[in-house]
Amino acid sequence: MSNYRVPGRGRVDHDARLRFTFDGRSYVGLQGDTLASALLANGVLLVGRSFKYHRPRGIMSAGVEEANALVGVDKGRGRYTPNTRATVLELYDGLKAESQNRWPSLRRDIGAINDLLAPLIPAGFYYKTFKWPASFWNKVYEPVIRRAAGLGRAPTEPDADRYASRFAHCDVLIVGAGPAGLAAALAASEGGKRVILADENPEIGGSLLSDPAVRIDGKNAWRWLDETRATLAGRANVTILTRTTAIGYYHQNFLGLVQRLTDHLPEASPSLPRERMWKVRAAQVVLAQGAIERPLVFDGNDRPGVMLAGAGRTYLNRYGVKVGNRVAVATVHDSAYLAAFDLARAGATVVTIVDLRRNPRAALLTEARSLGIEVLSGWTVTGTTGRTRISQIRVNPVDANGKVGAARTIACDALLMSGGWTPSIHLFSHTKSALEWREDLQAFVPGAPNEAVRCAGAGNGTFSLAAALAEGAAAGAAAAGATGSPFTFRVEGEAPFSGIPLRELPTDRDPARAKAFIDFQNDVTAKDIRLAVREGFRSIEHVKRYTTNGMATDQGKTSNINGLMIASDALGKPAPEVGLTTFRPPYTPTTFGAFVGYRRHAHFEVERKTAIDSWAEANGAVFEPVSLWRRAWYFPRPGESMHEAVARECRATRQSLGIFDASTLGKIEVVGPDAAEFMNRMYTNAWTTLAPGRCRYGLLLGEDGFIRDDGVVARMADDRFHVTTTTGGAARVLAMMEDYLQTEWPDLKVWLTSTTEQWAVIALNGPNARKVLEPLVEGIELDREAFPHMAVREGKICGVPTRLFRVSFTGELGFEINVPARFGLSVWKALMEQGKPYDITPYGTETMHVLRAEKGFIIVGQDTDGTVTPYDAGMSWAIGKKKPDFVGKRSLARPDMQDPNRKQLVGLLTEDPQTVLEEGAQIVDDPKAAIPMPMIGHVTSSYHSATLGRSIALALIQGGHQRKGQTVYVPMPDAVHKATITDTVFYDKEGARLDV
């Protein structure tokens with residue numbers, strides 16, 4: 001261990017040594033270290049290269065705002081993670097990390113030539129180059145750009161980790177467990193409200209973890225933390241989530257939290273997920289996210305060893321690491337003095353504090369003198385020296401008129417800088433809530449909220465510890481509905497916290513030649529921002545995109561305000577008028593696995609099964625996927641081919657009795673005083689005249705007038721409809737209904753509920769269907785007069801409640817038996833037993849398709865293609881002629897929608913009755929026409945009908961309704977087949993079979 005580690009200091013375990021490697025070299029750290037603190041303890045400052053210029057970069061911060069120290073972490077096969085921030089990566093024994101964006105090595109990176117070429121590749125250069133010669137784009141420019149793009153090495157193997165997700169509800173969600181967040185949690189949970197406290201760090205405490213000397217209620221900060229943690233942990237109504245980042249704040253107080261469960265473990269159990277996504281709905285939210293320190297903008301501010309002053313203090317007090325032995329400090333804010341004082345007391349030599357302010361607080365100057373620290377007040381930093389680690393700084397006095405005097409140099413091995421602090425408003429901004437500009441902070445703070453949210457502490461612009469604790473307690477109490485907080489806090493030893501706003505440090509050098517960085521990851525400098533303004537960009541969003549400022553993995557956490565201030569100066573406009581770029585989720589880089597959760601491999605698209613699926617599987621069904629469902633395709637007997645099985649199923653249903661699992665049909669309950677009016681507006685048919693107890697075929701159009709869905713709708717009562725949809729259209733139809741209800745007709749009193757999985761549906765079809773049902777049904781008269789076709793009744797079957805529909809998709813006498821899904825299998829078995837005397841035959845979707853095609857019933861999405869109107873489908877009878885309006889009505893009146901030459905649905909009978917046309921086959925008038933020959937339509941459905949003893953087909957053909965009896969041709973791979981255009985109904989045109 002090097003002399004940068006301070007024995008006995010910090011919250012690390014000095015007796016627990018951990019071995020790790022960085023770029024293949026072995027080092028030793030301590031339990032409780034991050035990779036960054038362990039590297040610093042070993043004297044390693046160079047950790048990466050910048051994206052554009054490949055400049056040497058070191059550790060800049062101690063938190064999620066880190067822009068430089070991005071590493072790749074290898075935990076074995078399928079567990080490589082690029083772009084991991086070393087500042088938040090918890091050290092474990094055996095950790096293997098590597099630097100990024102360099103070749104062949106970190107110290108000798110050939111990409112560093114870009115730094116020498118910097119004058120030729122300023123911001124936006126790519127918009128003006130790579131234009132000629134045109135032939136170079138595909139062969140030279142694009143391949144080179146693609147190879148250069150991106151940070152880190154993309155994983156090449158499937159992710160071997162597991163991920164989890166869960167929903168949670170609480171009364172109060174508190175994001176951030178620093179002083180304000182802890183005070184809020186104490187107050188909010190006092191009365192028994194359910195509280196979730198989330199913090200991204202391994203332990204709660206926030207800024208107090210780096211400031212052990214301050215005293216709260218007569219105790220030092222860490223003792224107060226321990227007692228507060230114990231108090232909260234002892235409350236059953238409080239859930240504390242550490243290692244948990246709030247990544248997004250969405251509508252109606254819905255927040256996404258990502259909890260890291262095993263990243264800190266050397267070997268996680270395969271049964272444990274790596275991360276868990278918490279989807280939290282909170283009645284009230286308290287945001288206590290703290291603040292982020294701003295870098296100073298000066299030439300050479302990116303050199304390894306230059307870091308934020310607050311980070312230097314954190315590494316010392318929390319991890320027991322001195323960031324240097326000869327440390328310089330540059331500041332315009334009081335907080336940097338605290339880092340200097342702590343380092344001096346820990347044995348480091350603080351060579352100077354360079355403070356641009358001419359009159360720092362007298363108490364700070366007195367303390368500095370007592371520690372032997374030179375304070376250069378009214379001085380500026382104008383440069384740094386050192387290749388892979390800073391070796392000296394260049395400083396200059398600045399007079400009262402802003403004139404920069406002669407320079408001097410000071411040797412150092414680390415430079416701490418502080419440009420003040422920026423409240424973390426990212427989550428608050430996600431809600432599109434108002435922001436307010438604080439002139440004294442030169443920063444935006446939360447304003448009027450759009451959600452039930454309160455902000456407290458540094459994230460609200462309150463930097464005094466005493467004030468932050470009080471504000472947090474008040475916010476927590478208010479969120480819990482209390483009239484006031486029972487908690488008060490007495491703070492001792494709190495240091496001053498003030499500074500001056502600043503764009504750039506004054507310099508005696510040419511600003512056009514200075515490399516004063518704003519966005520450290522994307523290599524955006526102050527002169528790049530000014531160049532963007534000179535190029536004509538006025539919007540801060542355009543400046544961002546031209547320069548890429550704030551577009552790196554840190555989302556501009558340390559660069560946005562500095563960039564805004566410089567753009568404001570260049571534009572000659574106040575910063576609030578220039579505005580702030582949009583903060584978007586996620587707050588920090590998040591693994592794809594966290595978003596995917598359980599939805600991968602077999603769970604990627606969950607296969608839905610009906611209550612009767614197990615019976616079908618046990619009885620030899622062959623299955624096919626239909627939308628998200630697994631459905632029985634056909635039921636072959638031993639030795640039967642598919643076509644033989646389907647033919648048998650068709651004959652059995654037509655001649656005696658078939659049974660079919662129709663549970664996958666979409667089902668929506670439409671309820672409310674205005675339910676009939678709602679249905680009247682949504683569907684083409686008339687619904688206000690439909691009597692309770694009756695059914696009607698419903699046709700749903702889009703605004704464009706084309707068929708979107710169809711299904712049978714039953715009116716159960718004056719204010720209740722049972723709507724069925726196609727299997728694949730259920731979610732789409734419900735979403736469409738909700739869209740219209742909420743945006744077009746919010747005045748209608750209607751409630752929509754998906755009941756697809758509430759009901760198991762058994763279709764019983766065939767001449768003997770009534771005979772099988774009669775002994776099993778209670779409270780329903782089944783004779784044809786009492787229970788006519790297209791009627792619905794409620795009663796019992798096999799002793800369980802049922803909605804019994806008298807409908808048919810086969811053309812035979814038919815019933816659809818709706819029972820609660822939990823009874824579906826038992827009712828199915830009872831029907832099978834009762835139907836044995838009639839040779840009851842289960843059939844699958846293929847037989848259903850054949851039977852419905854024989855009757856000319858369409859399947860939306862197969863016989864329609866998104867451009868078919870009711871008229872095209874021969875279903876003008878389904879349009880309510882007297883209705884003033886319905887979805888799609890106006891589009892149907894367009895002249896092109898009434899063109900008689902549109903593609904229209906017709907039947908086809910091949911010249912050879914045994915030829916089954918290919919579905920999708922194109923149709924032509926003249927097979928001898930020159931290629932490409934005009935195509936007049938295509939086959940939509942085609943089957944061999946065992947009932948008719950021949951093939952049948954449905955097709956969309958131009959002007960088809962006027963061409964019945966004409967011959968068309970269908971080219972197929974084997975031959976060109978002749979077919980005659982017919983009506984779409986091939987079987988029982990009169991419908992007599994419905995009432996046998």
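Starting from 1, each residue takes its place in the sequence as its number.
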Inset, instruction - Compute the centroid of each ring, for F809 and then for F857, and state whether the two points are separated by less than 6.0 Å. - result: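 Close enough - the centres of the two rings lie under 6.0 Å apart.
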Exercise for the section: State yes or no: are the ring centers of Y598 and H603 separated by less than 6.0 Å? Expected result: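 Centroid separation for Y598 and H603: 6.0 Å or greater.
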- Query: Do you know the tightest heavy-atom contact between T755 and I668?
  - Reply: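 The pair with the smallest heavy-atom distance is OG1-N, 3.9 Å.
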**Item:** Where Y250 and E451 come nearest, the two heavy atoms and their spacing
**Value:**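 Smallest heavy-atom distance, with atoms named: O-OE2, 4.0 Å.
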Quick check: does any side chain N or O of [X] sit under 3.5 Å from a backbone N or O of [Y], one acting as donor and the other as acceptor?
| X | Y | value |
| --- | --- | --- |
| R902 | T867 | yes |
| S808 | G814 | no |
| N685 | Y697 | yes |
| S941 | A953 | no |
| D161 | R274 | no |
| R584 | Q555 | no |
| K883 | Y683 | yes |
| Q898 | L892 | yes |
| R890 | D885 | no |
| D710 | G698 | no |

With the side chain counted from C-beta on, respond yes when [X] and [Y] share a heavy-atom pair under 4.5 Å apart, and no when they do not.
| X | Y | result |
| --- | --- | --- |
| Y249 | V285 | yes |
| E649 | F635 | yes |
| R281 | F254 | yes |

Does atom NZ (K193) have a neighbourhood of more than 12 heavy atoms from anything else shown, all under 6.0 Å?
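No.
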Does M935 CE have over 12 foreign heavy atoms under 6.0 Å away?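 12 or below, so no.
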I'd like to know whether T244 forms a side-chain hydrogen bond (donor to acceptor under 3.5 Å, both in side chains) with E200, so could you lay out the CA-CA distance, the side-chain angles of the two residues, the decisive distance to 0.1 Å, and finally the verdict. CA-CA 4 Å; T244 302; E200 62 195 357; over 6 Å; no
Does the pair [X]/[Y] count as a salt bridge with the N-to-O cut at 4.0 Å?
| X | Y | result |
| --- | --- | --- |
| R803 | E794 | yes |
| E669 | R720 | yes |
| E677 | K749 | no |
| R608 | E757 | yes |
| R631 | D661 | no |
| D704 | R708 | yes |

_Could you walk me through whether W278 and R166 satisfy the side chain to side chain contact (heavy atoms under 4.5 Å, CB included) test, starting with their C-alpha distance in whole Å, then the side-chain angles of each, then the deciding distance to 0.1 Å, before giving a yes or no?_
CA-CA 5 Å; W278 290 72; R166 65 171 297 179; 3.5 Å; yes
Separation between CZ of R545 and OG1 of T581, rounded to the nearest 0.5 Å:
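With rounding to 0.5 Å, CZ (R545) is 8.0 Å from OG1 (T581).
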Rounded to the nearest 0.5 Å, what separation is found between the CG atom of L773 and the CZ atom of R806?
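Spacing of CG (L773) from CZ (R806) equals 11.0 Å.
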Start with the C-alpha distance between F805 and H722, add both sets of side-chain angles, then the distance that settles ring-ring contact (aromatic ring centres under 6.0 Å, His included), and finish with yes or no.
CA-CA 11 Å; F805 287 65; H722 178 123; 5.1 Å; yes
Original post:
Looking at L700, T724, T864, L701, which hits side-chain contact (heavy atoms from CB on, under 4.5 Å) with D709?
Top reply: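 Only one of L700, T724, T864, L701 forms a side-chain contact (heavy atoms from CB on, under 4.5 Å) with D709, namely L700.
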Under the side-chain contact (heavy atoms from CB on, under 4.5 Å) test against V175, which residue among V280, V453, L287 passes?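 Exactly one pass, corresponding to L287.
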**Q.** Derivation and outcome, side chain to side chain contact (heavy atoms under 4.5 Å, CB included), residues V761 and I817
**A.** CA-CA 5 Å; V761 183; I817 306 155; over 6 Å; no
- Query: Which is it for V827 and I797 under the side chain to side chain contact (heavy atoms under 4.5 Å, CB included) test, yes or no, and what are the steps along the way?
  - Reply: CA-CA 8 Å; V827 172; I797 182 170; 4.2 Å; yes
I'd like to know if the side chain of N765 pairs up with that of T653 as donor and acceptor (distance under 3.5 Å, no hydrogens or angles considered).
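No pair is found: no donor N or O on one side chain lies under 3.5 Å from an acceptor on the other.
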With a cut-off of 3.5 Å and sequence neighbours excluded, list every side-chain donor-acceptor pair involving residues 732-742.
residue: E738; atom: OE1; partner: Q742; partner atom: NE2; Å: 3.0
residue: Y740; atom: OH; partner: E703; partner atom: OE2; Å: 2.7

